[in-house]
Amino acid sequence: MQRERVADDIYVFTSEMYAQVTAGAVITSEGAILIDTLVFPEEARAIKNFLETRLNCPIQYVINTHYHADHTYGTCFFENAHVVAHARCHDLLATRGRDGLAQAKHSTPELRDVEIILPHMVFESGTMSVHLGNKTVEMWHSPGHSPDSIVCLVKEDRVLFAADTLMPIPYFVDGSYDDFIESLNALKNGGYENVVQGHGEVVLRGEVEEKIQADLDYLAIIRGHVEKVLRRNKPITDLTQLTIESCGKSRIPLNGLVQELHRANLHALYYELQAQLVGAD
Ligand SMILES: [Zn+2]
């Protein structure tokens, strides 16, 4: 696990075990607010050890940015924290989250001790803030990657934890293409100092607007290609020619995993748009 400091009181932890997923900690005069928890128990325990033993800063709140395993499995190791999320996250953890964990335990023995913790506090619309000591973390719904995704802004530092609304390529297979575009547009011109992506590297102030626009461009390009294939009545296999580079993105981030995400995006969009076409007939 890598650790970096993005502001005086804000740390980012990046997994070296799974897809460079990130978690963050906001250190306040009254304890820490943890945003996401990584996947594996040893990583969550390392975060806890760093914050509580080395910094002597007890973790008071854990925010789950969405229900996916790579962001929530560590939650159960912060027994004393209040867990905060969107209302949809609560419901998805209780259903898909629990089912997914039962399956994952068969194939991945390291997850033996993991339990799903349902959020204690949720919000449905608008914003919700956690005030702790000298810091305020404001959250709002940002669906697209998943129906329950949120983003978290540390107001005093203008550091945004964008979770999977920003990652090396937008990935909407478990969410919605249209919601993703709306959520990206809502992040424009936010005046953020740093943006912590759900996976991969921190985006610095000068690069944020360009990054959001590049993601919107990617989404527009793949939609154009998928529509063309559908209009010409071509089979889904025609989409395999569309490399990630031809859609404006690099194939390198996340050790190449982005290529898989790209292919899954194309397929999901093909079926989504095909269903709309059938519906329109
Ligand atoms: Zn993720």
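Atoms within a ligand are numbered from 1 in the order they appear, just like the ligands themselves.
Among the atoms of His66, no N, O or S atom falls under 2.8 Å of the Zn ion (ligand 1). For the Zn ion (ligand 1), the set of nearby N, O or S atoms under 2.8 Å includes one belonging to His71.
Seen from the Zn ion (ligand 1), atom OD2 of Asp70 and atom NE2 of His199 lie 80° apart in angle, a value rounded to 10°.
Classified by interplanar angle (parallel below 30°, tilted 30° to 60°, perpendicular above 60°), the ring pair His145/Tyr171 is tilted.
At a threshold of 4.0 Å, the pair Glu193-Arg205 counts as salt-bridged, since one of the basic side-chain nitrogens sits closer than that to a carboxylate oxygen.
Environment of CD in Glu201: sparse, with no more than 12 heavy atoms of neighbouring residues, nucleotides or ligands closer than 6.0 Å.
Within Asp164, OD2 is the N, O or S atom that lies nearest to the Zn ion (ligand 1).
Evaluated for a side chain to side chain contact (heavy atoms under 4.5 Å, CB included) with Ser142, the options Asp148, Thr65, Val151 yield exactly one hit, Val151.
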